[in-house]
Amino acid sequence: TMEVLVKWYGRSYIHNTWHPLTELKDPERYLGTQRVESFVKGYRELKKWQKTAEPEQIESHHIQVEMEREQMVKWCTADRVIAARVRGNVPSGMQFDKKSLDYFVKWKTLP
């Protein structure tokens, strides 16, 4: 059976847990079950396609996937901070730390 790694909302990554796919199909208990179903459907279609595809087609697909991953890494890299603002109201004379700042960021490779 297929297992899915669950990232729990509001908890750090050390609290991620593996669950059987059949357990996650209960929409009353878990949110996002449709997203998981769509992913599994796409995964199964990919595996079915790979069984009948030529090696060159599979290699081309792997190259395309790798290029998309590299692009996503660039999208998550900040090019520069354009502006910063204090979150909420800080009374005058009070100190604030970096946690109370919001940043407006220009990301790499995005227009």
Side-chain angles (χ1 to χ4, degrees):
T1 111
M2 185 179 281
E3 288 190 335
V4 178
L5 182 63
V6 176
K7 163 64 171 96
W8 297 101
Y9 180 77
R11 305 192 89 188
S12 72
Y13 286 94
I14 63 171
H15 298 287
N16 291 359
T17 52
W18 287 95
H19 293 272
L21 183 60
T22 54
E23 180 184 319
L24 298 177
K25 290 185 179 182
D26 181 6
E28 293 178 10
R29 190 167 171 205
Y30 298 104
L31 298 175
T33 56
Q34 183 63 38
R35 187 179 287 179
V36 172
E37 286 295 321
S38 296
F39 174 80
V40 170
K41 181 181 176 187
Y43 178 79
R44 288 184 176 147
E45 287 175 0
L46 175 65
K47 290 299 178 186
K48 184 178 177 182
W49 172 79
Q50 285 179 339
K51 288 180 182 178
T52 60
E54 297 292 324
E56 293 84 13
Q57 293 174 314
I58 294 172
E59 182 179 358
S60 175
H61 173 74
H62 287 302
I63 291 170
Q64 180 183 355
V65 168
E66 184 62 29
M67 288 173 55
E68 289 172 1
R69 285 185 183 152
E70 288 174 2
Q71 191 68 26
M72 285 194 304
V73 167
K74 290 178 184 177
W75 292 342
C76 295
T77 305
D79 185 29
R80 64 182 179 274
V81 175
I82 296 171
R85 69 176 180 193
V86 177
R87 183 180 310 133
N89 294 330
V90 177
S92 61
M94 295 278 301
Q95 295 292 323
F96 59 90
D97 58 5
K98 289 183 180 181
K99 292 179 184 178
S100 62
L101 290 176
D102 289 328
Y103 296 97
F104 183 50
V105 177
K106 161 67 172 81
W107 300 100
K108 286 193 176 185
T109 70
L110 290 178

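Considering every non-hydrogen atom in both Cys76 and Trp107, the closest pair reads O-CZ3, 3.6 Å. Thr33 and Leu24 make their closest contact through CG2-O, 2.8 Å (heavy atoms, listed as atom of the first residue, atom of the second, distance). Counting all heavy atoms, side chain and backbone alike, Gln50 lies closest to Ile58 at O-CD1, 3.5 Å. Across all non-hydrogen atoms, the minimal contact from Trp8 to His19 is CZ2-NE2, 3.6 Å.
Both Val81 and Leu101 are assigned to one and the same hydrophobic cluster, defined by single-linkage of ILVMFWY side chains at heavy-atom distances under 4.5 Å. Note: the hydrophobic cluster containing Met2 also contains Val6 (ILVMFWY, side chain heavy atoms under 4.5 Å, direct or indirect links).
Counting heavy-atom neighbours within 6.0 Å of Glu23 CD, excluding the residue itself, gives a total above 12. Under a cut-off of 6.0 angstrom, the local environment of NZ in Lys7 is crowded, with over 12 non-hydrogen atoms contributed by other residues, nucleotides or ligands.
Note on residues 33-60: pairs passing ring pair (Phe, Tyr, Trp, His ring centres under 6.0 Å), not counting sequence neighbours, are Trp49-His61.
Between the side chain of Ser38 and the backbone N or O of Gln34 there is at least one donor-acceptor pair closer than 3.5 Å.
Rounding to the nearest 0.5 Å places NZ of Lys106 at 6.0 Å from CZ of Arg80. With rounding to the nearest 0.5 angstrom, the CD atom of Glu3 is 9.5 Å from the OG1 atom of Thr22.
Counting heavy atoms from C-beta on, the side chains of Gln64 and Glu68 come closer than 4.5 Å.
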